[in-house]
Amino acid sequence: MGYTGRHRIPPRPVPRQKSAYRFALIGMSALILPALFVSGTELGRHGWDQFVLRDAMLMLLAMLMITPAVTLTGQVWFTPLRRWYGIVLGCTATADAIIASITSQFTGGVIGRVTGHTFLLAGLVMVLIMLPLLITANNASMRWLGRYWKQLQRLTYLVWFLLFVHLALLEGFGIQNGRNGPSGDVDHTPLLHQRLYQLSAVSLILIILRIPPVRRWVVAQRKAGRAWLPWLVLVPLIVLAIFAYAYIITEEVFKGVAEFRLQLPGGDG
């Protein structure tokens, strides 16, 4: 391949400008989301109730967005972000669990601090599931586990489900009333502070695009030259997901800045 007779056919060059754009996009995504996570980390001062909420939820949803993005666009060059975000998620959850087991205000020692309530237990199970996923998130484990590696990584979907359970047990299905809710501040959009609803709004499009008939229809439309049609059909759900995700990020930034200033709303800073 690559030769005709005595003359070599030169390989098709890769546009440097396009490669630079891709590298910049991956680099910015890989830096911005962890920076947002770090900005919102409360270092365990406010207990286990902050564990696997805004910070880990951002990472988990960012990781889960990759497969639907591939389905819609047909592009695969950004798929390395999926593993990167998964590693950050696993490290985040593990660190927060350790901090919470030491600093949480629940009684009963270390065990009581991580299992003293149903939502705590759900969070602990999530961490225990994520540990093997974190340990095997490398090429050596892929070669060693073979076809079982992908089956193991599918436990991410169980983590996704348990996050719904965790938030439902922690916050319920109501609407924030004053300071009695997930947000320490009071504004005119209390419904948008409910993390269970934020998670649901973003997850809806991610679940739909994973349904096999829907995924096959999207791919078929793209191959038929009608790639615009799935976007047109799904645009309301896409807009809803972007709006909810942006709201999570906005709350993360404001609370992160307040934490660095020791002025966390509703806290003791």
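All values reported here derive from a predicted model rather than from experimental measurement.
- When atom types are taken as modelled, the side chain of S141 and the backbone of A137 share no donor-acceptor pair closer than 3.5 angstrom.
- Minimum interatomic distance between G123 and H166 (heavy atoms only, all atoms of both residues): N-ND1, 3.8 Å.
- In the hydrophobic clustering of this structure, V214 groups with I66; members are Ile, Leu, Val, Met, Phe, Trp, Tyr whose side-chain heavy atoms approach within less than 4.5 Å, directly or through other members.
- Formation of a donor-acceptor pair under 3.5 Å by the Y245 side chain with backbone atoms of L58 is found in this model.
- A donor-acceptor contact closer than 3.5 angstrom links the side chains of R82 and T67.
- Annotation: the span from L61 atom CG to Q198 atom CD amounts to 10.0 Å, rounded to 0.5 Å.
- Between L145 and Q151 there is no side-chain heavy-atom pair separated by less than 4.5 Å.
- Annotation: the span from K150 atom NZ to L152 atom CG amounts to 13.0 Å, rounded to 0.5 Å.
- A heavy-atom distance below 4.5 Å is not found between the side chains of L229 and V218.
- Of the N and O atoms on the side chains of W160 and S203, at least one donor lies less than 3.5 Å from an acceptor on the other residue.
- Proximity of V70 to F78: side-chain heavy atoms (C-beta onward) are separated by under 4.5 Å at one or more points.
- Side-chain atoms of L199 and I248, non-hydrogen and from C-beta on, never get closer than 4.5 Å to each other.
- L204 and L162 fall within the same hydrophobic cluster, defined by Ile, Leu, Val, Met, Phe, Trp and Tyr side-chain heavy atoms under 4.5 Å apart, directly or through other members.
- Rounded to the nearest 0.5 angstrom, R210 CZ and R215 CZ are separated by 9.5 Å.
- One hydrophobic cluster, built from ILVMFWY side chains closer than 4.5 Å, cannot hold both L124 and I135; they sit in different ones.
- Here the side chains of W84 and V88 are in contact, with some heavy-atom distance below 4.5 Å.
- Residues V219 and I211 fall into different hydrophobic clusters, defined by Ile, Leu, Val, Met, Phe, Trp and Tyr side chains chained together at heavy-atom separations under 4.5 Å.
- Scanning all heavy atoms of the two residues, the minimum distance from M59 to L89 falls at CB-CB, 3.9 Å.
- Rounded to the nearest 0.5 Å, atoms CD1 (I205) and CG (L240) are 9.5 Å apart.
- Of all non-hydrogen atoms in P230 and A227, the two that sit nearest each other are CD-O, 3.3 Å.
- With contacts defined as side-chain heavy-atom distances shorter than 4.5 Å, the pair F161/T156 does not qualify.
- With hydrogens and angles disregarded, no donor-acceptor distance shorter than 3.5 Å links the side chain of R226 to the backbone of R222.
- Residues N138 and R143 bring no donor and acceptor atom of their side chains to less than 3.5 Å of each other.
- Hydrophobic clustering places L72 together with L237 (ILVMFWY residues linked when any side-chain heavy atoms are closer than 4.5 Å, directly or through intermediates).
- In this structure, the separation between CZ on R83 and CD on Q153 is 8.5 Å, given to the nearest 0.5 Å.
- Within 6.0 Å of OH in Y148 there are 12 or fewer heavy atoms belonging to other residues, nucleotides or ligands.
- Considering only heavy atoms from C-beta on, M65 comes within 4.5 Å of V202 through its side chain.
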